[in-house]
Amino acid sequence: MHFSFLSLLRQAFANHEGWQPYWQQAAPKPFYDIVIVGAGGHGLSTAYYLASEFGMRNIAVVEKGWLGGGNTARNTTVIRSNYLWEESEAIYEHSLKLWESLSHVLNINVMYSPRGVMMLAHNHHDTMVLKRHVHANRLAGIDNEWLTPEEAKAFCPLLNIEQNIRYPVTGAALQRRGGVARHDAVAWGYARAAAALGVDIIENCPVTGIRRGADGAVMGVETGKGFIGAKRVGVVAAGHTSVLMEMAGVRMPIESFPLQALVSEPVKPMMPCVAMSNTIHAYMSQSDKGELVIGAGTDVYTSYSQAGGLHISQHTLEAICELFPATRRMKMLRNWGGIVDVTPDRSPIIGKTPVPGLFVNCGWGTGGFKATTGSGHVFAATLASGEPHPIAAPFSLDRFRTGRLIDEAAAAAVAH
Amino acid sequence: MSGFRATSGGRFDRARRVSFTFDGVAYLGHPGDTLASALMANGVSLVGRSFKYHRPRGVLAAGAEEPNALVTVDRGPGRITPNCRATEVELFEGLVARSQNRFPSLGFDLGAINSMLKPLFPAGFYYKTFMGPAINGKAKFWNRLFEPLIRRAAGLGAAPTEPDPDAYASLFAHCEVLVVGSGEAGLRAALSASENPAVRVILCEMDHDFGGWLLADPTGARFRDEAIATLRTRPNVRLLSRTQCFGLFLQGFVGLVERVTDHLADPAIDAPRERLWQVRAGRIVIATGAIERPLVFPDNDRPGVMLSSAAHILQGRYGVLPGRAIVVATATDAAYRTAFALADGGARIEAILDRRDHAGERVRAEAEARGIRVETGLTLLGTTGKKHVTGVSYAPMQNQDLRGPSQVIACDTLLVSGGFTPTLHLLSQARGSLRWDEPLSAFVPDKVPENINIAGLASGDFPPELRGAALGLLPGNDDKSALAFVDFQNDVTARDIRLATREGFRSIEHVKRYTTTGMATDQGKTSNINALSIAAESLSQSLPKTGHTTFRMPYVPVTFGTLAGAYRAELFDPIRRTPMHDLAEKRGAVFEDIGLWKRAHAFPRAGESVKAAVQRETRTVREHVGIFDASTLGKIEVTGRDAAAFLDRIYANPVANLAPGRCRYALMLNEAGFLIEDGIVARLSDQRFHITTTTGGVGKVLHLLEDYRQTEFIDLDCFLAPVTEHWAVIAVQGPKAREVIAPLIEGINVAADAMPHMTIREGRLTGVPCRLMRASFTGERGFEVNVPADFGFFAMEALLARAEGLGGGLYGLEAMHILRAEKGYIIIGQETDGTVTPHDLGLGWAMGKAPRDFIGKRGLARPDLLAKGRKQLVGLLPDDPAVVLEEGAQIILQHEPSTGIAAQGHVTSAYFSPNLGRGFALAMLKDGRNRMGEVVTIPMPGERVLARIVSPVFLDPEGRALHG
Amino acid sequence: MADLMLTPRNAWADLTVAEIPGATLKPSPTRHRVLFQARERELETRMKAAGMAAPPAILRARMMDDVALLRPGPDEWLIVSEAEISPKWHEIAGPGAIEISHGYAGIEWCGPRVMLALSAGCPLDLHESAFPVGMASRTLYGKSEMLLWRQDHARFHMEVARSYLSAILAFFGETARHLPQS
Amino acid sequence: MLLIPCPYCGFPRPEIEFRHAGEAHLMRPEEPASDEAYAAFLYERENPKGIAAERWRHVHGCGRYFNALRDTVSDRILAVYKPGEVRPEVAS
Ligand SMILES: Cc1cc2nc3c(=O)[nH]c(=O)nc-3n(C[C@H](O)[C@H](O)[C@H](O)COP(=O)(O)OP(=O)(O)OC[C@H]3O[C@@H](n4cnc5c(N)ncnc54)[C@H](O)[C@@H]3O)c2cc1C
Ligand SMILES: NC(=O)c1ccc[n+]([C@@H]2O[C@H](COP(=O)([O-])OP(=O)(O)OC[C@H]3O[C@@H](n4cnc5c(N)ncnc54)[C@H](O)[C@@H]3O)[C@@H](O)[C@H]2O)c1
Ligand SMILES: Cc1cc2nc3c(=O)[nH]c(=O)nc-3n(C[C@H](O)[C@H](O)[C@H](O)COP(=O)(O)O)c2cc1C
Ligand SMILES: [Zn+2]
């Protein structure tokens with residue numbers, strides 16, 4: 001059923017009895033052209049674009065738990081495209097453009113809110129690095145502008161720009177088109193749109209093995225609901241990528257770390273934009289519901305526990321209280337963790353694997369929510385044709401052999 | 001009329017009074033009251049408005065589980081705290097509290113119109129609308145119109161706007177046993193654990209008084225008082241009241257937060273507002289009790305509807321009766337006891353309406369004896385009233401069907417008891433698990449980590465009177481029209497949950513996120529089980545199969561400031577200063593942060609701009625001599641039989657063949673082949689090296705050296721120690737450098753041929769030991785004087801006095817940067833970004849020709865690191881000599897447009913050089929070394945700057961100034 | 001100019017010592033420090049040969065006649081002394097020893113409330129059963145690394161890297177005001 | 001915050017005293033290694049869901065590197081051992 005004010009009104013008179021499920025619980029068929037492992041935002045958007053743009057219908061998304069329950073449910077929803085390297089600029093900007101029309105394309109309000117993402121500099125080195133981003137982005141036609149501390153304060157009145165603090169703000173790079181979106185709506189919206197096009201979404205169905213034929217090529221996946229055959233399998237399992245690829249005998253350049261976030265109690269609007277500081281490790285925005293959404297750093301060790309240490313959040317809140325001293329009396333309401341798949345160069349891996357028919361889309365680490373749109377789109381193209389989409393091509397697994405890394409980490413330390 | 005103070009009962013200070021205001025109206029209460037009890041005593045029952053529908057709300061509960069009674073406490077500028085639970089706010093003289101989320105007033109709230117439009121606001125309505133037509137494909141209506149409106153409407157209390165002036169403390173603590181909760185179970189656990197004086201016990205209680213339920217129960221008071229008295233005599237016991245355990249982590253790590261001054265009218269100036277206790281406990285006893293659940297039926301949220309246990313506590317602890325004409329609706333016997341207690345306190349119990357077919361015999365008999373009307377086997381159908389309950393309607397039930405017509409009983413208070421839920425959030429946090437206990441209708445402990453015990457009600461070991469449950473929407477109600485609230489704060493109703501399941505949200509996690517049930521500031525303490533039960537029912541599956549959502553820390557919200565503790569302002573990170581800092585300060589230095597260090601950026605004189613000072617200092621060094629504090633440079637001493645062999649494997653340059661007394665500029669790569677550090681390797685003697693690193697890099701380098709020393713090159717015998725801080729370093733650079741140092745140096749022949757460039761000698765500087773290095777980061781003749789740090793200040797003063805006599809002076813970091821850039825010397829982190837190899841920088845020669853293994857050697861041989869067209873270090877001269885390029889600016893070809901194309905490279909360093917009389921820059925440029933003389937474009941906002949590619953060495957390419 | 005004498009100006013210059021009832025911090029007179037590496041056996045032999053008692057166990061300190069010998073790591077030894085370290089000790093430390101005297105500053109902590117004050121920044125259990133007299137270990141105080149040596153029930157010696165001294169004193173100054181009564 | 005039993009110091013110490021140093025038992029290949037083998041050494045990681053062998057350094061303590069076996073699901077440390085020692089057998 002189409003979502004609109006009118007349909008809402010009509011249902012209001014019908015006691016909301018007429019709404020249909022966003023997606024149906026599908027039972028697995030014996031064989032699909034493409035099986036996607038992992039119903040996070042990326043997996044679901046891949047399925048949606050496969051169906052909507054590449055005309056494929058015989059597709060399943062297999063999810064071990066509830067869809068959108070991985071990092072999609074856990075992220076701080078920062079969306080921006082002002083990355084440093086051309087390859088990154090291409091994929092994140094592709095994604096950003098898709099965000100701008102996503103609500104209408106999917107017919108669900110994903111609340112994409114381009115309220116501006118401001119990245120703070122605190123010293124000469126930060127300034128240099130962020131200005132390099134500004135220049136690189138401008139060259140690529142991506143909006144990013146440099147603000148003086150006073151301009152930064154005008155944009156975000158909560159910000160402390162006194163120069164006598166431990167890490168004074170020396171300036172900021174602002175991408176006005178950056179912002180946030182409602183993470184759950186994104187997952188549900190893609191699921192709804194994909195299901196409407198005939199994609200089977202199979203929840204509570206963990207993939208436990210990847211079956212390969214005599215020629216080594218993929219035949220399908222073993223799951224908690226039995227074997228599911230497939231011509232091509234796309235693994236989109238974020239923090240669990242290593243575990244899944246191990247099933248096919250492929251060792252990945254990935255480590256899985258706990259990444260924490262927290263929200264405050266809800267209050268009336270206080271924070272108009274997203275602000276982040278890589279130097280002192282904190283970032284913050286305020287959701288439409290009113291809670292401050294704050295991201296912390298990763299723990300230092302690998303873990304699959306979706307929980308991290310208290311000292312990590314403490315460190316983040318120290319930084320938040322320095323940057324925004326008016327938040328000191330705010331209260332942390334809930335803290336949680338996700339498992340992020342971190343690559344050596346902090347850039348994703350999209351494309352083929354050494355196993356014929358097996359494709360992977362992973363390594364988005366601490367910053368892949370913003371690419372949910374574009375990643376799904378280029379991965380769908382890759383799965384449909386069997387060859388990497390041009391935007392995806394540089395993000396091949398092979399780059400680790402040749403050394404042609406896309407090192408966003410070296411350039412900017414963190415990337416949310 | 002509702003709520004009043006009975007003439008007897010309670011554990012507060014009846015003799016004294018305190019005054020406070022709520023929404024500007026003054027009231028009186030007593031010390032020992034909470035804001036909630038004092039408001040109730042004053043007959044104030046409307047205390048808040050709900051999140052979505054702005055429904056009038058009163059106090060529901062008695063403690064941290066309170067969802068409704070949220071207020072803002074105002075202690076003056078910067079000390080305004082939103083979203084405080086009135087049930088936890090202790091009264092003090094002059095307390096100012098305000099209701100929230102209402103306009104213009106609590107009594108008349110325009111937002112209540114939402115309540116009339118409620119058919120339009122079911123769960124998730126915002127996902128379905130507010131998009132408007134797409135404009136250029138974008139959701140402009142959402143961004144410009146709807147989102148701002150929604151943001152303003154959402155949120156609870158007003159956001160703080162001023163910096164919070166209060167201090168927050170923090171302590172690490174250790175104990176053998178930590179007991180959480182001071183009810184009967186907690187007290188007993190603490191008593192028995194602390195019998196052994198060697199066992200350190202911490203008992204924490206989030207309430208302002210110890211005793212839990214015992215405080216409300218006159219028969220329990222004696223045990224409580226004796227237990228506390230005994231515990232106080234034991235030196236191995238720490239009693240912490242007002243202290244919430246908010247998080248249980250791994251291996252007995254526990255977070256407690258103590259409210260230190262919020263309850264005081266006039267806190268001591270030095271007292272912290274709250275204190276964080278980070279406890280490591282050998283064993284943890286969770287004695288957190290149980291929380292009562294409300295009943296779910298239409299209009300169950302009116303002020304005057306209250307949990308039975310809360311009313312009991314209100315009466316028992318505060319001597320306050322919630323009303324005069326009370327109806328008790330229950331599924332447990334415990335609520336009968338509440339009824340009796342209230343009756344004893346002077347209230348009239350209109351009826352006890354029991355959901356069950358049979359009440360416990362003892363309570364039934366006692367009710368009869370007291371003449372209280374009891375009706376069993378019935379359901380509730382609604383309440384009447386507007387801003388306060390005036391009556392309750394109910395009907396008898398047979399199985400799931402109504403057995404008769406509905407009836408209404410008039411009352412001013414409705415107490416509800418839907419059963420109890422053991423408080424097991426902490427167990428879940430510590431990765432224990434829960435299991436559904438059907439007879440108890442509650443989640444009880446299942447797998448309990450071996451260092452945890454669960455005691456009292458939390459364990460699920462309920463006395464018979466607390467058993468019994470009415471889960472979910474009470475039968476006889478269809479959820480069509482009225483609002484039967486499940487999550488009071490977030491206005492989630494039974495029908496919202498059913499709608500969610502109808503729309504395909506089958507996982508309880510989906511239901512939570514779609515309806516927001518359990519996501520409010522109370523995190524569903526009173527509502528989660530009802531929500532779960534409604535979801536299970538409408539999914540036609542069992543409750544355990546439906547499962548519960550994840551419990552996360554904190555148990556109750558914790559102040560940011562408390563978690564940040566003392567780490568604010570200058571304590572946020574340590575500030576490191578060199579031994580010569582004061583000297584720089586005296587000379588007017590402007591400082592710059594480099595890592596944790598404060599370094600002198602420049603030394604502007606009176607009336608001189610920083611820029612001008614930098615130019616002057618840069619000139620001074622080339623023309624005369626400059627003095628520079630280089631103490632922050634990392635220094636590591638490496639000794640031992642195999643020190644040389646070890647460093648030879650570490651550095652990309654061969655260093656084993658370095659003769660004692662010689663220095664070498666050396667590069668450190670990572671195993672991938674990228675440059676990560678540079679510095680000087682100086683060989684003091686056969687088995688002793690003094691190496692330097694960048695200021696920020698020394699920690700990383702030490703870590704790396706120790707790694708290879710301890711785990712990789714274990715065949716080599718050597719030892720390393722950080723000596724950065726033992727040596728103060730004064731760089732003396734410029735044509736007159738030797739003149740400056742010569743008279744002060746003893747025991748070293750500093751003549752040009754005796755001590756050429758890149759040598760090190762040990763001797764004395766005016767009597768103190770000195771390591772003198774002949775090295776230069778400016779391209780001028782240079783010495784680096786290392787003296788033990790205690791002597792740094794006066795050594796620098798002495799050297800400066802000499803330099804000034806020769807026309808020289810101090811120079812700062814910025815001048816140093818210009819000087820080195822004029823010579824094409826790189827800075828790690830400026831010319832490099834982790835993707836640069838020595839070859840890229842034209843430093844390939846440094847690696848020598850002889851075959852040897854070193855870190856990064858194999859990495860350097862990977863295809864892409866050898867590929868053609870990599871970016872290489874070059875110099876740039878802007879066409880216009882006055883122009884200084886911007887660091888980070890991109891470089892494109894002259895004919896290319898300013899946007900939409902790939903860059904050729906970027907500017908890494910750019911300055912105005914007084915020595916060149918023009919702006920100049922270093923850059924990393926594709927294939928740069930083959931492009932000398934080419935003109936490139938640097939697009940800047942609104943303009944295009946042209947620059948010529950030149951060698952990165954702008955001055956003295958033969959290096960003549962270095963020598964001699 | 002050889003007549004010019006350089007007066008030492010140690011890390012404590014211009015720093016004011018904070019104090020609260022029950023906890024006093026003061027500059028330690030220790031001025032000399034040498035760090036060296038040796039296997040325990042090796043060192044024991046060398047020390048025996050010099051007529052000295054056996055070296056301390058790991059994470060322990062021992063007062064020898066004129067110096068204190070600390071063992072912060074398995075093979076790592078630190079000599080701390082008020083007076084110039086004698087040649088005898090230099091011999092024991094061996095040719096690879098590294099002079100670090102000026103790189104650190106010593107703080108004496110004493111008083112009945114020092115354990116509590118330390119707990120504001122030190123994550124270790126400082127109860128005597130866990131951190132007995134004679135124990136010496138590197139650990140943290142706030143965000144600064146330090147080496148903590150318990151000399152008596154209520155007396156500690158702290159070695160801190162020179163540039164961290166002011167941060168440590170500032171951290172004490174701020175946190176000590178906010179300690180609970182006991 | 002984990003409590004890590006340093007095998008040198010002999011008793012458990014708080015995590016903040018340590019620095020994590022990545023997967024244990026990675027072998028720096030003897031030359032000549034193929035590009036594939038070298039990439040594997042540089043970048044490929046076991047990253048197990050279960051028992052991981054990892055390295056820690058007691059950086060704010062005894063300064064030593066050592067190995068630990070940790071269950072990455074429960075985050076419990078199951079064993080610690082010194083570099084060069086063989087990985088002990090443990091059950092998670
Ligand atoms: C705290 C935190 C904050 C973040 N903040 C931001 C941010 O501000 N901006 C941003 O852009 N990014 C952010 N990220 C990163 C972002 O969340 C992720 O990059 C992104 O959500 C990844 O999406 P995904 O769909 O690939 O993964 P997921 O949503 O994790 O989906 C992977 C799915 O695979 C499933 N799966 C795993 N194993 C199996 C199996 N064996 N069988 C079947 N299914 C399986 C999982 O259950 C899961 O549902 C953050 C992440 C976290 C944890
Ligand atoms: N009749 C009734 O309605 C009723 C209700 C509850 C308890 N009781 C009686 O009380 C007794 C139970 O005692 P108990 O000790 O199990 O429970 P309790 O409710 O008496 O005590 C639990 C205590 O733990 C505290 N607490 C909870 N979470 C905390 C946290 N995270 N940090 C710090 N403190 C926390 C609470 O403030 C409370 O004081 C039983 O005998 C029972 O019959 C009766
Ligand atoms: C952007 C964002 C906002 C959130 N806001 C809230 C909130 O207001 N209240 C709440 O209880 N949880 C909130 N959460 C956290 C979720 O309840 C939950 O903790 C998170 O999705 C991780 O799931 P888990 O805790 O069940 O493992 C929010 C999460 C995100 C990502
Ligand atoms: Zn150790």
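Every chain is numbered from 1 and lettered A, B, ... according to where its sequence line falls, protein lines coming before strand lines. All figures in this text were calculated on a predicted structure; none of them were measured in a lab.
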Exercise. What distance do A:Y301 atom OH and D:L2 atom CG have between them, rounded to the nearest 0.5 Å?
Worked result: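 So the gap between those two atoms works out to 4.0 Å.
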For this session: Measure D:R19 against the heavy atoms of chain A and call it side chain, backbone, both or neither at under 4.5 Å.
Result: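 Answer is neither: D:R19 stays 4.5 Å or more from chain A.
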Problem set entry | Interchain contact, D:E54 with chain A, by part (heavy-atom threshold 4.5 Å) | side chain
For this session: Pull out the residues in residues 39-49 of chain D that come under 4.5 Å of chain A, heavy atom to heavy atom, sorted by number.
Result: D:A39, D:Y43, D:E44, D:R45, D:E46, D:N47, D:P48, D:K49
Exercise. Does anything in residues 243-256 of chain A get under 4.5 Å of chain D by heavy atoms, and if so which residues?
Worked result: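 Answer by number: A:V243, A:R251, A:M252, A:P253, A:I254, A:E255, A:S256.
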Exercise. Taking atom types as modelled and ignoring hydrogens, do the side chains of D:D35 and A:T402 form a donor-acceptor contact shorter than 3.5 angstrom?
Worked result: no
Problem set entry | Any side-chain donor near an acceptor of the partner, A:N204 and A:E63, under 3.5 Å |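 Their side chains do not contain a donor-acceptor pair, so the 3.5 Å distance test is not met.
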Charged N to carboxylate O under 4.0 angstrom, [X] versus [Y]?
X	Y	answer
A:E408	A:R346	no
A:K352	A:E387	yes
A:E322	A:R166	no

Exercise. Strictly under 6.0 Å, is that where the ring centroids of D:H20 and D:Y65 end up?
Worked result: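 When the ring centroids of D:H20 and D:Y65 are compared, they turn out to be at least 6.0 Å apart.
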For this session: Assign the ring pair A:F379 / A:F359 to parallel, tilted or perpendicular, where the plane angle (0 to 90°) is split at 30° and 60°.
Result: perpendicular
Exercise. Using the ring of each side chain (for Trp, its six-membered ring), is D:F18 parallel, tilted or perpendicular to D:W56, with breaks at 30° and 60°?
Worked result: perpendicular
Problem set entry | D:S74: partners by side-chain contact (heavy atoms from CB on, under 4.5 Å), with sequence neighbours left out | D:D71, D:R76
For this session: Could you pull out all residues at least two apart from A:S396 that satisfy side-chain contact (heavy atoms from CB on, under 4.5 Å)?
Result: A:D398, A:R399, A:R404
For this session: Side chain from CB out, backbone as N, CA, C, O: work out which of these in A:L405 comes under 4.5 Å of a heavy atom of chain D, or both, or neither.
Result: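 Side chain of A:L405 only, per the 4.5 Å heavy-atom cut-off to chain D.
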Problem set entry | Leading residue by heavy atom contact count with chain D [cutoff under 4.5 Å; candidates A:S305, A:G309, A:G403] |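 If we count pairs closer than 4.5 Å to chain D, A:S305 comes out on top.
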